[in-house]
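In what follows, chains carry the letters A, B, and so on, assigned in the order in which the sequence lines appear, proteins first and then strands, with residues in each chain numbered from 1. Quick caveat, the model's predicted, so the values are computed rather than measured.
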Amino acid sequence: MSVTSVTAITVTYNAGEFIEPFLASIAQLDTTGLVFNLIAVDNGSSDGTPDKLRAHPFEITVIENDENNYARALNLGIAASDSEFVVIVNNDATVDAGWLQGFLPVFADNPKAGAAQSKIFFSGQDRLNSVGVEEIEHYYFRDIAFEEEDSVRYAKPARRDYVTGGSLMLRRACLEQVGPWDEEFIMFMEDVDYSARCRAAGWELWFAPDSVLHHQYHGSSSEDLCEYFCTRNRFFFVAKHFPAELVECIPSSHFYKKGEFDNLYLSLLHAVRKMCVHRDTATVQATLARLRTALPRYIGDIASYNFFSHLELLLGQRRLRVGIYDHAGHFAGGGQRYVAEMAAIMQERYDITYIFNNDVELKDYKEWFDIDITGCDMKIIRIPFFEKKQRYTPDEGMVLGELSNPFDIIARETLEYDIFVNANMLGKVNPLSLISMFVCHFPDQEKGRFFQVDKYDYLISNGDYTGGWMKKRWDLAPTHKLYPPVNMYNPDSSPEAKEHIILSVARFEISGSKKQVELVRTFGEMCRDNPELTAGWRMVCIGGSTPENTYLDEVRKAAEKFDCDIELLPNAEVSQIRDYYRRAAIFWHACGLDEERPERVEHFGMTTVESMQNACVPIVIDGGGQREIVEHGDSGFRFGDLEELKVHSIAVISDPDRRLDLARNALERSHLFSLEVFRGKLESLLDDAEAKLLGGEVLPMARSGD
Amino acid sequence: MNKKLAYLRDRVVNAYWMLREGRFHQVVDAILVELRHRVEAFNTWRRTRKEIPESKVPWSRFVNRRKVIPASYRPTVARRLPEQPLCADRAEVTAELRRLLTTFRLPTGVDE
């Protein structure tokens, strides 16, 4: 008598409640004349299933899959086996003693039999679950004899077009010829696909009535999961095997019927990509032409346009295209610098086009911020609405009662890109690109007419302060927080080598929002009231200024009232600013003091970080973004009013050891806002966006406690 | 109530400066803009109430249906796929895709 080798492969996922009865039934199997072994492939259970299996008295080979993917688990199990036959079997089931032997006559009698499935009953019932699989209509499939009572009709072996993977024996020769299971199916319908592939390779599929299994229907997966994958995988199956029918499958799909257009779009997209993998050029071209005609009926013109553009990207024939829109890109502001840093990083991996509304040159950014973005392209799109009104910079606040959105011209442009970045928070631009990002420095505008921010895939805030106001004003939570990158490190700066200088770096705004007058007065009063302590200390105010700046005169007058050393340096050179950061022991910042309107409070505070990167001790306003930067009493101090500013400053001045500790902590803290951290976070965000654009899907691995 | 008061205050301040600088036509323009805004808001409300088909809403062709309708339950996460060899000719399929993209007639975004 010859010995037949059989390996059973079962895929586990949090199988705690099913596995014991299953293994007990396996242990009772009749294995006369067989060499039998069991492989369990675990899909990342969080309930300790692999350990339970290893500890089980029945000898089980346990393999741990690195992703939660049923089809991949089967491939891992098959690759680990070398037996003549392989049985794949669900473990939310129990088997009869003759389950294994029951398959063998079918293979013995039919040399072309590549696979045979068991007679599957519902667990604890006399009713059948499956004796094979058949197509009903529109490529929907059902189990043959589902919920029927067993009868003589299902007593003999029979050929089948499709078989279920719930309990299926396969011949090694068939497995080798047909190849691995399609892992992109993840779960559900992977058996229907494999059936079609077996038959296409010339193998027969059989029903083996003497092999009996009792199945707990859908015992190990949820209904939502089942419906999602069955609908998605139906498109995959049809695209691979019946491409001419793909278009007809759209209206009958659950995704379309239930209005789940996002799922419809993505499933169809990857189905067509799979068609390109498996079918010839003529078939693909014919299907594309049919999709071009039909798709707009189902998902609209815009999404259809995106579909074909997206497919072009998926086929890898071009680099990702990114459009960055900055309606105020012709000014040198903090927001522009922030986005230019983004563009400088992104230009290494994508084709970038900067979109402006006014004349500007990309080389200006090198001059303004020392950032080279000349690897980007540039486009100037004038907006007729603002041109007519002779407004140099578009202001969305002017769009009130218009019948159409003046920014639709930009919306149209967004279609040309895979990723669109709305860099300067213009909230009325409708993003039509595949992926969209909205960078918010502060939500200046209330939600109003043509508000589009809720349509963006990524909402990026520059900190918690901005993020909090996005929630309050727009009821939208940021998806990502990306602190502005600050790079003012000076290798010569040291906490130990500081001079008695209090530094303020802020623009001399005509509105006085940066509060230099208040700071100068506070310093003057501090020197007047504490002459011995403040002897040798001086104050330096640096900041940009426009010509004939009346506010600067006001600051000057305030300084002249006190007999102390106060120096004002409007429009200082960058080298001079760097030098003062290196020398100053203390940094003051008061933007937002006594302000009620949140937009007038410093949203982030880049100069505070610059000072910390040079080991200054920051004493800053307790509000806005400063709260995120300076940890009170640890890496500096925050004040609520000018009296507190004095108290904290005197404390720092009078205790050099404390000052040294604070400066060291400030330097340490400043790394959180460095260019390297910004780059790392941005790259991780871009990886996520790329995965969405170019990716397939995978079920998330379970975490302990899920 | 505060918002309404702030709105009224802004309007009064605007009117004051426009009158002070003799730009009377801007006062009229502002009133007309406000009036159009109200009328449009009313019309939008009326349209929504009647639930007329989406295709008849102005600029409906700019509605990206895929994104307007919230994504439904999808239990998966995205990951980068390795590039696969194609049975179809990559260049020919791409050329066909580019040709198909040129056949779309999309609005320009400018009132014509």
Side-chain angles (χ1 to χ4, degrees), chain A residues 186 224-225 228 255 258-263 265 275-281 283-285 288-289 292 299-306 308-309 311-312 315-317 384 400-405 408-413 415 430-432 449 455 688 690-692 694-700, chain B residues 3 29-30 32-41 43-44 54-55 58-101 103-111:
Chain A
I186 302 178
D224 284 339
L225 209 63
Y228 171 77
F255 291 151
K258 293 170 82 173
E260 297 175 355
F261 292 103
D262 210 26
N263 286 342
Y265 174 95
M275 189 195 301
C276 296
V277 172
H278 296 281
R279 312 300 295 203
D280 59 54
T281 309
T283 307
V284 172
Q285 284 176 329
L288 288 176
R292 168 64 188 94
I299 60 173
D301 279 336
I302 301 288
S304 300
Y305 183 88
N306 275 336
F308 289 101
S309 173
L311 205 50
E312 187 193 359
L315 293 180
Q317 290 294 78
L400 295 168
E402 282 56 43
L403 287 172
S404 59
N405 184 348
D408 276 344
I409 191 170
I410 306 297
R412 173 65 185 85
E413 177 66 16
L415 264 177
N430 184 6
L432 302 172
R449 192 163 161 70
K455 295 194 178 114
D688 187 61
E690 274 187 40
K692 278 190 178 136
L694 303 172
E697 299 166 276
V698 63
L699 274 165
Chain B
K3 275 187 186 174
D29 283 354
L32 287 176
V33 164
E34 187 64 29
L35 199 65
R36 279 169 62 198
H37 175 55
R38 301 278 160 152
V39 169
E40 182 57 20
N43 284 338
T44 308
E54 192 179 82
S55 59
W59 291 98
S60 69
R61 287 207 288 168
F62 264 130
V63 173
N64 185 344
R65 274 190 229 171
R66 186 169 71 84
K67 284 184 180 168
V68 169
I69 293 161
S72 55
Y73 174 80
R74 176 154 16 101
T76 54
V77 291
R79 55 137 186 215
R80 281 293 292 270
L81 277 178
E83 199 169 299
Q84 290 168 299
L86 303 189
C87 188
D89 184 282
R90 202 179 286 269
E92 277 190 52
V93 173
T94 306
E96 176 68 1
L97 285 169
R98 286 182 187 158
R99 190 191 68 73
L100 291 172
L101 281 167
T103 63
F104 280 88
R105 295 281 168 264
L106 299 170
T108 59
V110 181
D111 284 337

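The two residues B:Ala78 and A:Ala691 come nearest to each other via the heavy atoms CB-O, 3.5 Å. Contact record, A:Pro700 with B:Thr76: CD-CA, 4.2 Å, taken as the closest heavy-atom pair. Counting all heavy atoms, side chain and backbone alike, A:Cys276 lies closest to B:Val93 at SG-CG1, 4.2 Å. Contact detail for B:Arg90 and A:Leu315: the closest heavy-atom pair is NH1-O, 2.5 Å.
Remark: A:Arg292 pairs with B:Thr103 by the side chain to side chain donor-acceptor pair (under 3.5 Å) rule, at least two apart or across chains.
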side-chain contact (heavy atoms from CB on, under 4.5 Å) assessment of A:Gln317 paired with B:Leu97: CA-CA 11 Å; A:Gln317 290 294 78; B:Leu97 285 169; over 6 Å; no
field: Worked verdict on A:Leu694 versus B:Leu81 for side-chain contact (heavy atoms from CB on, under 4.5 Å)
entry: CA-CA 7 Å; A:Leu694 303 172; B:Leu81 277 178; over 6 Å; no
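Interface remark: of the candidates B:Leu100, B:Val77, B:Leu35, B:Thr94, B:Val77 forms the most heavy-atom pairs closer than 4.5 Å to chain A. Among the candidates A:His278, A:Arg279, A:Met275, A:Lys258, the residue making the largest number of heavy-atom pairs closer than 4.5 Å to chain B is A:Arg279.
Ring geometry for B:Phe104 against A:Tyr305 counts as perpendicular: the plane angle is over 60°, on a 0 to 90° scale with 30° as the lower cut.
For a residue to count as touching a neighbouring chain, one of its non-hydrogen atoms must lie under 4.5 Å from one of that chain's; by this rule A:Ser304 touches chain B with backbone and side chain alike. Of the two parts of B:Arg98, only the side chain, counted from C-beta on, holds a non-hydrogen atom closer than 4.5 Å to a non-hydrogen atom of chain A.
Expressed to the nearest 0.5 Å, how far CG of A:Asp280 lies from CG of B:Leu86 amounts to 12.0 Å. For the atom pair CD of A:Gln285 and CD of B:Glu92, the computed distance is 5.5 Å after rounding to the nearest 0.5 Å.
With contacts defined as side-chain heavy-atom distances shorter than 4.5 Å, the pair A:Val284/B:Glu96 does not qualify.
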